[in-house]
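Atoms considered below: every heavy atom in the structure, side chains included; atoms not considered: hydrogens, waters and symmetry mates. Remember, predicted model here, so these are calculated numbers, not experimental data. Labels below follow one simple rule: chain letters A, B, ... track the order of the sequence lines, proteins then strands, and each chain is numbered from 1.
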Amino acid sequence: APGRDFTIQRLTSVSQLMSFFFIIMVLLARWEEEKYEDGVKWKFLEHNGPYFPPEYQPLPDDVHFYYNGKEVKLSPAAEEVAVFFAQMLDHEYTTKKVFRDNFFKDWREEMTHEERLLIKDLGKCDFGELHAMHKAKVEARKNMTKEEKQALKEANQKIVDEYGYCLLDHHRERIGNFKIEPPGLFRGRGEHPKQGMLKKRIQPEDVIINCSKESRIPEPPAGHRWKEVRHDNSVTWLASWTENIQGAIKYIMLNANSKLKVSGPASRWQYEVARKLKSCVDDIRNQYMKDLHSREMEKRQKTPTADTVGCCSLRIEHITLHKQLDDKEFVVEFDFLGKDSIRYYNKVPVIKKVFKNLKLFMENKETGDELFDRLNTGRLNKHLSSLMPGLTAKVFRTYNASITLQQQLRELTNSKLDSATAEKLLSYNRANRAVAVLCNHQRAPPKTFEQSMANLQAKIDARKDQLSAAKEELKEAKKEAKSKGEADAKLLVERKQAAVARCKEQLLKMEVQATDREENKQIALGTSKLNYLDPRISVAWCKNMEVPVEKIYNKTQRDKFAWAIDMTEADFEF
DNA sequence: CTCAATACTTAGAACGCATGAC
DNA sequence: GTCATGCGTTCTAAGTATTGAG
């Protein structure tokens, strides 16, 4: 079947040949640009190493911790961890059993033998004074004078200047995360079984440095040494360490606007592959409608994480089959937690064949069993790339997002002459929103949402009152004008009419704003904008609509998409 | 090939600062 | 000037992709 797919695909259209040709041209261009052999990411790399967070400052003598009502002076190590907990006391995490249990277990490990003997019940711990001290500190920071704030800013800038940049192949590049992650209590997303565990302080002895052999090797902090210094130019990271919660490796890497990222495989390149999918997506869709039978294998087990799934790892409890639902036949109801424990809920009508297959896959299984027990992401992507070179699930996502944006922009925006910039931007946001909904990019409603919505509503109400008052005045003025017919009175009518119109306009604007905000309550636009939408679509739209590109991309985004802003013409089509 | 380790991208929340309304 | 609010930045968790060992 893969062979046949490829043949069909190759013969179907001239435009495919064209796009294939284009891909090769881009490949060559990219080759030219990168100028290094495969797998080599740089020839020269020099940096100052990561920035370490400041050492723990023990509590002042007048701040106390109490156990069972009695004052206890904690050892520095135990005290530091106690402060982590105290700082989070306002957060609801600290009320959760898993969080508390994990915290307490790890905390006890930091205690001295004596402390461990004494402190056996978290419920008997009183962190009140530590908590109060933390809040006072936050408050004090907020109330700093202008000069103090300025001094702090300058100090931070000094750190950025020293540690925030590296030299990569003769270019000074901004580092994305040059700071070692400070210690604290782990906060996973969703019901994470490890929430509350102690994330330990990283020492230079834990850190591997990666740089050029011939570069100036970064100095470890005084009295310390690095775990290792290596010179591996097949990777892009500058430093790494292993964190203690999941045992995962953390990396110090470059900023998103660096050459390495912008010309890396992920950015421009992914959009070209996705564009190519446009020319053969119909074939591929027809094909998978034909062979609705896949048979592969595999399972996997990892260290405990929050219970989340993706399309390949769905379990049978995540879908419900409805032969009939409302007025539709063969409906699949999805309900599961995806990445970041974000819920996906949807009812999707499918064709009979798919419905029957799903039913078959669920047979003789029980809760906890995988729906597609012979499928995994590797297998899926292998199959996809046999349909079109470079095709993966992610390419589909990029394609779907970009094509949706383009369609929505066409549907939602009028000609450039028809509307004001604000209205154009609203349309752009709506198109962006449609994409975010498609990709299930959700956010928690902002904490201040209800309040700010109420504030806006109050403004709207006030404006409404104002409007009716203005209308009333207009009516009065008209009556006056009719009975008297003086020029002055007529002028007054005109003035009142203008006032009513202005009022109406402002009211409309606010109402639109309220709608926009309400619609955006649980939708996050940033992720799709940054990661899935071909920036050339947006740049072309700006050119066509005569909207400055600054209105849709901020500085950071303009840096990241500089290549698209430079090269895109108004007639660009995804 | 499989599995685990490693590398890199994607993600939402928290933070903090600029801005604009009053 | 004050204050809320929205926005950009920072942070780091949580995915996917790739590599490499056996």
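- In the set B:dA13, B:dT6, B:dA11, B:dT6 carries the atom at the smallest distance from any side-chain atom of A:I249.
- Among the protein residues, A:Q442 comes within range of the sugar-phosphate backbone only, with heavy atoms under 4.0 Å from sugar or phosphate atoms but none that close to a base.
- Residues A:E181 and A:A393 each lie close to DNA chain C; by heavy-atom proximity, the contact nearer the 5' end of the strand is made by A:E181.
- At the phosphate of B:dA7, neither OP1 nor OP2 sits under 4.0 Å from any side-chain N or O atom of A:S240.
- Residue-to-nucleotide proximity on DNA chain C shows that, of A:G176 and A:R517, the 5′-proximal contact is made by A:R517.
- The A:Y532 side chain lies nearest to B:dA11 when the options are B:dC1, B:dA11, C:dT9.
- Annotation: cation-pi geometry satisfied between A:R172 and A:Y165 (NZ/CZ under 6.0 angstrom from ring centroid, within 45° of ring axis).
- Distances shorter than 4.0 Å separate none of the side-chain N or O atoms of A:R141 from OP1 or OP2 on B:dC17.
- Looking at which nucleotide of DNA chain B each of A:H91 and A:N156 is closest to, the 5′-most match is held by A:H91.
- Residue A:Y51 contributes atom OH, which lies 11 Å from atom P of C:dC11 at whole-angstrom precision.
- Regarding A:N554, its CG atom lies at a distance of 9 Å from the C1' atom of C:dT9, rounded to whole Å.
- Of the candidate nucleotides B:dG12, B:dC8, C:dA17, C:dA17 has the atom lying nearest to any side-chain atom of A:K394.
- Residue A:A248 is classed as having no contact, given no heavy-atom separation below 4.0 Å to the nucleic acid.
- At a threshold of 4.0 angstrom between heavy atoms, the contacts of A:G310 with the nucleic acid are absent.
- Of the listed nucleotides (C:dA14, B:dA13, C:dG15), C:dG15 has the atom at the smallest distance from the side chain of A:T308.
- With hydrogens and angles disregarded, no donor-acceptor distance shorter than 3.5 Å links the side chain of A:E228 to the backbone of A:I208.
- If you measure from atom CZ of A:R187 to atom P of B:dA14, you get 7 Å, rounded to the nearest angstrom.
- Checking C:dT12, C:dA17, B:dA11 against the side-chain heavy atoms of A:K339 singles out B:dA11 as nearest.
- Of the candidate nucleotides C:dG8, C:dT12, B:dG12, C:dT12 has the atom nearest to the side chain of A:P182.
- Counting any heavy atom pair closer than 4.0 Å across all strands shown, A:P445 reaches no nucleic acid atom.
- Proximity of A:N381 to the phosphate of C:dA17: a side-chain N or O atom is located under 4.0 Å from OP1 or OP2.
- Side-chain N/O atoms of A:T236 include one lying less than 4.0 angstrom from OP1 or OP2 on B:dC8.
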In a table with atom names and distances, give each donor-acceptor pair under 3.5 Å that connects a side chain of residues 150-158 of chain A to protein atoms at least two apart or in another chain.
unit_1, atom_1, unit_2, atom_2, d
A:Q150, NE2, A:E154, OE2, 3.1
A:Q157, NE2, A:D161, OD1, 3.0

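- Backbone-only engagement by A:R443 is indicated by non-hydrogen atom pairs under 4.0 Å involving sugar-phosphate atoms exclusively.
- Closest approach to the A:K153 side chain among B:dG12, C:dA14, B:dA18 is made by B:dA18 (side chain taken as heavy atoms from C-beta onward).
- A:Y251 comes within 4.0 angstrom of a base, heavy atoms only.
- In plain terms, the two heavy atoms of A:S240 and A:Y251 that are nearest each other are CB-CD2, 3.8 Å.
- Within the model, atoms CZ of A:F127 and CZ of A:F84 stand 12.5 Å from one another, a figure rounded to the nearest 0.5 Å.
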Between A:R201 and A:E80, is a salt bridge (Lys or Arg N to Asp or Glu O under 4.0 Å) present by the stated rule, with each step listed? CA-CA 11 Å; A:R201 183 179 289 274; A:E80 179 177 13; 2.9 Å; yes
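- Taking side-chain N and O atoms only, A:H441 has no distance below 4.0 Å to OP1 or OP2 of B:dT10.
- Backbone-only engagement by A:K179 is indicated by non-hydrogen atom pairs under 4.0 Å involving sugar-phosphate atoms exclusively.
- Among the heavy atoms of the strands lying under 4.0 Å from A:K41 are primed sugar atoms or P, OP1, OP2 only; no base atom is included.
- Taking atom CG of A:N440 as the reference point, atom C1' of B:dG12 lies 13 Å away to the nearest angstrom.
- With distances taken from any side-chain atom of A:D340 to the nucleotides B:dC1, C:dA14, B:dA7, the minimum falls on C:dA14.
- Counting to the nearest Å, the P atom of C:dA13 and the CZ atom of A:F186 are 6 Å from each other.
- Distance, A:N376 CG to C:dT16 P: 11 Å, rounded to whole Å.
- Residue A:K250 contributes atom NZ, which lies 12 Å from atom P of C:dC11 at whole-angstrom precision.
- Taking 4.0 angstrom as the limit, A:K382 places a side-chain polar atom (N or O) nearer than this to OP1 or OP2 of B:dC1.
- Under the 3.5 Å distance criterion, the side-chain polar atoms of A:D169 are matched with a main-chain donor or acceptor of A:K43.
- Of the candidate nucleotides B:dT10, C:dA17, B:dG12, B:dT10 has the atom lying nearest to any side-chain atom of A:N531.
- For B:dC1, neither phosphate oxygen OP1 nor OP2 lies less than 4.0 angstrom from any side-chain nitrogen or oxygen of A:R379.
- In this structure, A:L185 places its CG atom 20 Å from P of B:dA13, rounding to the nearest Å.
- Not one N or O on the side chain of A:E191 forms a donor-acceptor pair closer than 3.5 Å with the backbone of A:D307.
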